[in-house]
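Following: one structure in structure tokens, then a few remarks.
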Amino acid sequence: MSEFIQLHILASYPPSNLNRDDLGRPKTAMMGGSQRLRISSQSLKRAWRTSDQFEESLHGFIGIRTRSLGEKIYQAMVSGRQLIDIVAGEKSEPVRPPLSEEDALIWSAGIADAYGALADPKEWEKGPKYKQMIHFRPSEIQAIDTLIAVIVDPEQKEAAKALKIDFDGLKEMGSLISKGESLKDPQKKKRTDLNKQIRSKTLFQKDTAVDISMFGRMMADATDYNVEAAVQVAHAITVHEVAVEDDYFTAVDDLNRGEEGMGAGHLGESEFASGLFYLYLCINRDLLVKNLGGNEDLANDALRALTETAVKVAPTGKQASFASRAYASYLLAERGCQQPRSLSVAYLTPLQDRNLLESAITSLQETRQKMDAVYGECSDDCCKMNAYTGEGKLDEVLNFVAGHHA
């Protein structure tokens, strides 16, 4: 069986609205017959993946998730600038001949079509746009930029031949797609073949994009390039019952000096709650290494970065209103080849103790011990950090998850 790393985290947040539902209320869930606060796994992963902490630790190894790469390809062709600079939002000078807007639209449509379903051309504003977001690796964006260079620069004839792509057919197909024309059966087959040619030169099944290797990638129209997620993240849930409260607030007009009326310039209402959350992550280390093309060192750096980010970073919803930033108070990391299991059952009965954090830590540890007693050791080793008692150090846990624990 694969080696798994499991993280059990307790983090307390003061009044906040970190993760909202469609009505703007803090997300909740029923557990053990009582209402709990909830932070969705998608919200957590998004916060971690886009955080400064993650970027600083793994700069150059983080992908781009977007619907607008086709638009960026169009911009690169029209401006003559490198695609990687446009995607990064960096200012740069042209490095190749620009195309006319008409030609750029045709070529960008032909290329973008290879990666996913495009929206109706009537909805395009600045080039092709996808119906859904697609996750691209930095190396894939660079490969697409190389393809752009071959298309726009007449000096690249030999490089174009080496790619073995039907460029005449690609331009013809791009013209049809950009006009929104219906394709006949022979044209549909040609489109499929062209898309395979483009993907074979610009997409990769294994690579050094850490976020894709961790959280996976799904490409409905290019399933050969899907990536199975090596990291599973549970929805964070409070260890106690929670009631969502209302915040009625007003804003005063600075120029209203009471000469005509004393009322507020704005009335509003928002909802919030506070709670001590249990977070659980399960990492298939072997799959992570495989997704990263066997790069053990990068996998270890990724494990360190994810663990540190998970205990320091939360979703940023309503931070300006609540300033609810917090570090985790407790972290338990486990390693082993045994079947993973969450310890959320420790909080199936909501805690009601006045000393909530101490009770939550005790309940977690006791639940782990009892599971080990009946199932046998559920992990080979563990490492803890307890900010409540001041025991353990984060660096020790980071070394542990990276395989350097003594």
- Message: I'd like to know if Glu334 and Arg341 make a salt bridge, using a cut-off of under 4.0 Å between side-chain N and carboxylate O.
- Response: yes

Verify the distance criterion only: is there a donor paired with an acceptor across the side chains of [X] and [Y] at less than 3.5 Å?
{"X": "Arg38", "Y": "Ser40", "result": "no"}
{"X": "Asn399", "Y": "Arg304", "result": "yes"}
{"X": "Asp380", "Y": "Gln338", "result": "yes"}
{"X": "Thr389", "Y": "Glu391", "result": "yes"}
{"X": "Arg217", "Y": "His135", "result": "no"}

- Task: Applying side chain to side chain contact (heavy atoms under 4.5 Å, CB included) between Val239 and each of Leu348, Thr349, Leu351, report the one that passes.
- Result: Leu351

Donor-acceptor contact below 3.5 Å, side chain [X] vs main chain [Y]:
{"X": "Ser363", "Y": "Ala346", "result": "yes"}
{"X": "Tyr347", "Y": "Phe277", "result": "no"}
{"X": "Asn386", "Y": "Tyr330", "result": "no"}

- For a salt bridge (Lys or Arg N to Asp or Glu O under 4.0 Å) with Asp211, tell me which candidate from Arg137, Arg49, Arg46, Arg65 qualifies. Arg49

- Task: Decide side-chain hydrogen bond (donor to acceptor under 3.5 Å, both in side chains) for Tyr225 and Glu140; before the verdict, give the C-alpha distance in whole Å, the side-chain angles of both, and the deciding distance to 0.1 Å.
- Result: CA-CA 12 Å; Tyr225 300 94; Glu140 292 170 339; over 6 Å; no

Nearest 0.5 Å please: distance from the [atom1] atom of [X] over to the [atom2] atom of [Y].
{"X": "Asn19", "Y": "Leu37", "atom1": "CG", "atom2": "CG", "answer": "10.0 Å"}
{"X": "Ile148", "Y": "Tyr74", "atom1": "CD1", "atom2": "OH", "answer": "13.0 Å"}
{"X": "Ile237", "Y": "Thr28", "atom1": "CD1", "atom2": "OG1", "answer": "8.5 Å"}
{"X": "Lys45", "Y": "Gln42", "atom1": "NZ", "atom2": "CD", "answer": "7.0 Å"}
{"X": "Leu183", "Y": "Ile177", "atom1": "CG", "atom2": "CD1", "answer": "6.5 Å"}
{"X": "Leu105", "Y": "Trp124", "atom1": "CG", "atom2": "CH2", "answer": "6.0 Å"}

Are any non-hydrogen side-chain atoms of [X] and [Y] less than 4.5 angstrom apart?
{"X": "Leu203", "Y": "Met219", "answer": "yes"}
{"X": "Ile64", "Y": "Leu69", "answer": "no"}
{"X": "Arg368", "Y": "Cys382", "answer": "yes"}
{"X": "Glu71", "Y": "Thr66", "answer": "no"}
{"X": "Tyr130", "Y": "Leu118", "answer": "yes"}

Within a radius of less than 6.0 Å around [atom1] of [X], do more than 12 heavy atoms belonging to other residues, nucleotides or ligands occur?
{"X": "Lys190", "atom1": "NZ", "result": "yes"}
{"X": "Glu101", "atom1": "CD", "result": "no"}
{"X": "Glu181", "atom1": "CD", "result": "yes"}
{"X": "Lys206", "atom1": "NZ", "result": "no"}
{"X": "Gln319", "atom1": "CD", "result": "yes"}
{"X": "Asp52", "atom1": "CG", "result": "no"}

Non-hydrogen atoms of [X] and [Y] that approach each other most closely:
{"X": "Ile73", "Y": "Leu83", "answer": "N-CD1, 3.8 Å"}
{"X": "Pro98", "Y": "Ser79", "answer": "CB-C, 4.2 Å"}
{"X": "Ala273", "Y": "Ala243", "answer": "CB-O, 4.2 Å"}
{"X": "Ala328", "Y": "Ala387", "answer": "O-CB, 4.2 Å"}
{"X": "Val227", "Y": "Gln205", "answer": "CG2-O, 4.3 Å"}
{"X": "Ile106", "Y": "Ser178", "answer": "CG1-OG, 4.1 Å"}

- Query: Under the side-chain contact (heavy atoms from CB on, under 4.5 Å) criterion, do Thr208 and Ser139 qualify, and how do the steps go?
  - Reply: CA-CA 8 Å; Thr208 56; Ser139 58; 5.7 Å; no

- Message: With salt bridge (Lys or Arg N to Asp or Glu O under 4.0 Å) as the criterion, how do Glu296 and Arg285 come out once you've worked through the C-alpha distance, each side chain's angles and the decisive distance to 0.1 Å?
- Response: CA-CA 10 Å; Glu296 293 267 357; Arg285 187 184 182 281; 2.8 Å; yes

- Message: Applying side-chain contact (heavy atoms from CB on, under 4.5 Å) to Phe167 and Val150, what does each step give before you reach the verdict?
- Response: CA-CA 10 Å; Phe167 286 101; Val150 168; 3.9 Å; yes

- Task: Under the salt bridge (Lys or Arg N to Asp or Glu O under 4.0 Å) rule, what do Asp145 and Arg96 come out as? Steps first, then yes or no, please.
- Result: CA-CA 11 Å; Asp145 190 64; Arg96 58 179 71 108; 3.0 Å; yes

- Task: Hey, can you tell me if Phe136 and Tyr115 have their rings parallel, tilted or perpendicular (30° and 60° cut-offs)?
- Result: perpendicular

- Using 30° and 60° as the class limits, which term best fits the ring planes of His8 and Tyr280: parallel, tilted or perpendicular? tilted

- Verdict with reasoning, Leu194 to Gln197, per side-chain contact (heavy atoms from CB on, under 4.5 Å): CA-CA 5 Å; Leu194 286 167; Gln197 291 174 20; 3.9 Å; yes

- Item | Check against side-chain contact (heavy atoms from CB on, under 4.5 Å), Asp224 and Arg199 | CA-CA 10 Å; Asp224 288 347; Arg199 292 196 291 262; over 6 Å; no

- Query: How far apart are the C-alpha atoms of Lys290 and Asp286, what are their side-chain angles, what is the distance that settles it, and do they pass the salt bridge (Lys or Arg N to Asp or Glu O under 4.0 Å) test?
  - Reply: CA-CA 6 Å; Lys290 178 184 176 182; Asp286 292 349; over 6 Å; no

